[in-house]
Every structure is written in C-alpha cells, then in structure tokens.
Number of protein chains: 2
Amino acid sequence: MKNLLHPDLNFRLNGRLWVETDDDRFMGIGRLELLTQIQEQGSISKAAQQMGMSYKRAWNLVSSLNAQAAAPVVHTQTGGKRGGGAEVTPAGQQLIQEYRELQERFQAFMAAEAARLF
Amino acid sequence: MKNLLHPDLNFRLNGRLWVETDDDRFMGIGRLELLTQIQEQGSISKAAQQMGMSYKRAWNLVSSLNAQAAAPVVHTQTGGKRGGGAEVTPAGQQLIQEYRELQERFQAFMAAEAARLF
DNA sequence: ATGCGTTATATTTTCTCAAACATAACGACG
DNA sequence: CGTCGTTATGTTTGAGAAAATATAACGCAT
C-alpha cells in the first residue's frame with residue numbers, strides 16, 4: 001500500500017468496534033468511556049460534563065445499556081445524599097473489563113495491520 | 001460477556017476499519033465498494049446510482065481518493081463516446097486488492113472475537 | 001420547610017452532513 | 001451543429017442527531 005500513498009501525507013489505520021443488536025447499539029468505545037467516568041464520578045451528570053456531552057445524551061446511553069443487559073449495569077438513585085447519584089454495578093464492572101480487553105486486542109490487531117500496510 | 005446480555009436479544013459484533021490522514025479519510029469499506037462499482041460500470045454516475053448515492057457525493061469521494069494517492073486511482077474523461085466515463089487505474093486496482101485483503105482479515109478478526117464473546 | 005444536586009423526561013433549537021437541485025463544459029456522433 | 005450522457009462544481013434543501021432548554025420529582029441536610 002505504501003507506494004500508493006501520497007508521500008507528503010501522514011497515513012494511519014483507524015477503526016471502531018462495537019456490539020449491537022437488531023435495532024440499537026449495545027457497547028462501544030464511547031459507552032466504555034462513559035461507564036468508566038460514571039465509576040469515577042459516581043454521577044451521570046458529572047460523567048457527562050467530564051466528557052463534554054449533554055446529560056440527556058449520557059442518560060440515554062445508560063438507559064440503552066441497562067435495557068439491553070441481562071441485569072442493570074448502572075444503578076441510579078434520585079434524591080438523597082449529594083442529590084442522588086449513579087454507580088456501576090458488578091455486572092457493569094465485568095462489562096467494562098471484558099470490553100476493555102476486546103478493545104486492547106483490537107488495538108493490537110490494528111497496530112499489526114498498520115505495520116504491514118505502511 | 002454472554003451472561004451479561006439480555007437473553008431475548010440477538011447480539012453481534014460489528015466494526016469499521018479505515019485509512020485516514022490528519023484531515024481526511026482515505027480508504028474505507030464505502031470507498032472500496034465505490035471503486036468496485038466504477039470498475040464494473042465504467043462511470044461515476046452509474047456507480048453512484050447503483051449504490052443509491054448522489055453523484056456529487058461519489059465524485060467527492062473519487063476526488064478525495066485521487067488527491068491523497070501518489071497517483072490517480074480513477075481516471076476520468078469528460079465528453080466523447082458515451083458522454084465520457086471513468087476507469088480504475090492500475091494503482092486503483094492495487095488499492096482495491098490490498099484493502100479487500102485487509103478487510104477480509106478484519107472480518108476474520110471479528111468472527112474470532114465474536115466466537116469468544118458470545 | 002426549604003434548598004440543593006441529582007435523576008428523569010419532554011420540548012425546542014442548533015448543527016451537520018448528505019441529498020437535491022442547478023449549470024456549465026466537454027467531445028463523439030448522428 | 002444540435003443532441004446526448006457524462007464529468008465538474010456551486011448552491012439550496014432536508015433529515016436526523018445532538019445540544020440546549022425547561023420542568024418535575026426525589027430525598028437528605030440544614
């Protein structure tokens with residue numbers, strides 16, 4: 001491929017990987033980041049803010065995740081101490097770990113292919 | 001991952017892979033399909049029509065490809081027999097082949113990961 | 001009780017990207 | 001020389017997604 005590419009430009013291989021159902025996305029790199037932020041912040045709104053995303057969008061993602069999981073991956077509470085909050089359930093933590101590992105293998109795949117291509 | 005997923009839904013692994021520069025995409029599955037169609041049809045407009053995409057969009061993609069390649073991957077001619085046309089150059093054919101092979105390895109990767117996940 | 005920060009949710013606005021539309025130029029061919 | 005199908009390119013429209021805005025409810029804490 002190297003000989004086909006314009007010599008002045010800097011080429012790289014990139015990609016996305018996700019788990020989907022017939023009519024919705026389930027897990028992807030963005031949702032992984034969101035779950036991680038929720039874990040760290042203990043709150044959907046803080047996680048959204050941290051990621052520069054609207055609260056509504058973050059909430060929708062959490063809702064989609066929970067709706068498609070066997071058991072909720074994020075547990076939320078309205079009102080109470082600190083106004084409420086959100087925490088990643090054990091199932092959610094397992095999801096984070098498994099997807100993170102998948103993502104790492106994907107990165108390795110891309111790195112290997114990039115080495116072959118360029 | 002299997003135990004985390006809602007049993008009523010059908011999950012699958014999907015993804016995209018592409019070659020990019022700092023400020024544009026160079027090659028991806030859509031462009032591969034377009035190049036293939038141009039090869040078959042001998043015309044950008046027919047290829048676009050075949051893919052249900054506007055001619056302008058197809059032309060823009062071809063323009064982007066040619067601008068980033070070391071040598072044009074599609075050669076076009078305005079006017080003349082059949083009103084003009086487009087053909088994939090040898091460089092373009094090599095690009096098609098190499099990206100197709102990459103895409104196949106990517107599919108294999110995803111299949112292997114899916115087998116592990118579900 | 002009142003305030004506070006959060007979840008939950010609907011509605012409106014804005015943004016972005018592709019489609020649609022509109023022309024012009026080109027060159028063979030009848 | 002006019003027609004035809006194509007490339008080439010600018011402008012406008014439209015659709016869908018994301019953001020912004022707006023409320024309400026919740027429950028601890030003061």
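Small disclaimer: the values here were computed from a predicted structure and weren't measured. Computed from heavy atoms alone, side chains included, the values below leave out hydrogens, waters and symmetry copies.
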Practice item. Please test B:Thr76 against B:Ile44 for side-chain contact (heavy atoms from CB on, under 4.5 Å), starting from the C-alpha separation and ending with a verdict. Key: CA-CA 9 Å; B:Thr76 62; B:Ile44 296 177; 3.9 Å; yes
So which protein nitrogen or oxygen atoms get under 3.5 Å of nucleotides 24-28 of chain C's nitrogens or oxygens?
| residue | atom | partner | partner atom | Å |
| --- | --- | --- | --- | --- |
| C:dC26 | O2 | B:Gly79 | N | 3.0 |
| C:dG27 | O4' | B:Gly80 | N | 3.1 |
| C:dG27 | N3 | B:Gly80 | N | 3.3 |
| C:dA28 | O4' | B:Lys81 | N | 3.4 |

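- Side-chain contact of A:Arg100 with A:Thr36: a donor-acceptor pair under 3.5 Å is present, judged by distance alone.
- Rounded to whole angstrom, the span from the CZ atom of A:Arg57 across to the P atom of C:dT9 amounts to 18 Å.
- Within 4.0 Å (heavy atoms only), B:Lys56 reaches at least one base atom of the nucleic acid.
- The side chain to side chain contact (heavy atoms under 4.5 Å, CB included) test with A:Leu61 is passed by exactly one of A:Asn66, A:Leu34, A:Leu35, A:Ile38: A:Leu34.
- Side-chain N or O atoms of B:Ser45 include none that pairs as donor or acceptor with a backbone N or O of B:Tyr55 at under 3.5 Å.
- Computed from coordinates, the A:His75 NE2 to C:dA8 C1' distance equals 14 Å when rounded to whole Å.
- Between the side chain of B:Thr89 and the main chain of B:His75, no donor-acceptor pair closer than 3.5 Å is present.
- The nearest whole Å value for the distance from the CG atom in A:Asn60 to the P atom in C:dT7 is 13 Å.
- On the nucleic acid side, DNA chain D contacts chain A at distances under 4.0 Å to non-hydrogen atoms, with the end points of that region at D:dA18 to D:dA29.
- The phosphate of C:dT7 (OP1 or OP2) has no side-chain N or O of A:Trp59 nearer than 4.0 angstrom.
- In this structure, OH of B:Tyr55 is placed 18 Å from P of C:dA22, rounded to the nearest angstrom.
- Under a hydrophobic-cluster definition in which Ile, Leu, Val, Met, Phe, Trp and Tyr are linked whenever side-chain heavy atoms come within less than 4.5 Å, directly or via other members, B:Phe26 and A:Leu117 are assigned to the same cluster.
- Taking only side-chain nitrogens and oxygens, A:Ser45 comes nearer than 4.0 Å to OP1 or OP2 of C:dT7.
- Using modelled atom types, no side-chain atom of B:Gln41 and backbone atom of B:Gln37 make a donor-acceptor pair closer than 3.5 Å.
- A:Thr21 and B:Arg12 are not linked by any side-chain donor-acceptor pair at a separation below 3.5 angstrom, with hydrogens and angles left out of the test.
- Side chains of B:Glu98 and B:Gln94: a donor-acceptor N/O pair is present below 3.5 angstrom, by distance only.
- Projected onto DNA chain D by closest heavy-atom contact, B:Gly42 and A:Met53 fall at different nucleotides, the more 5' of which corresponds to B:Gly42.
- Here C:dA18 presents its P atom at 20 Å from CD of B:Gln49, a figure rounded to the nearest Å.
- In this structure, A:Ile38 places its CD1 atom 13 Å from P of C:dT6, rounding to the nearest Å.
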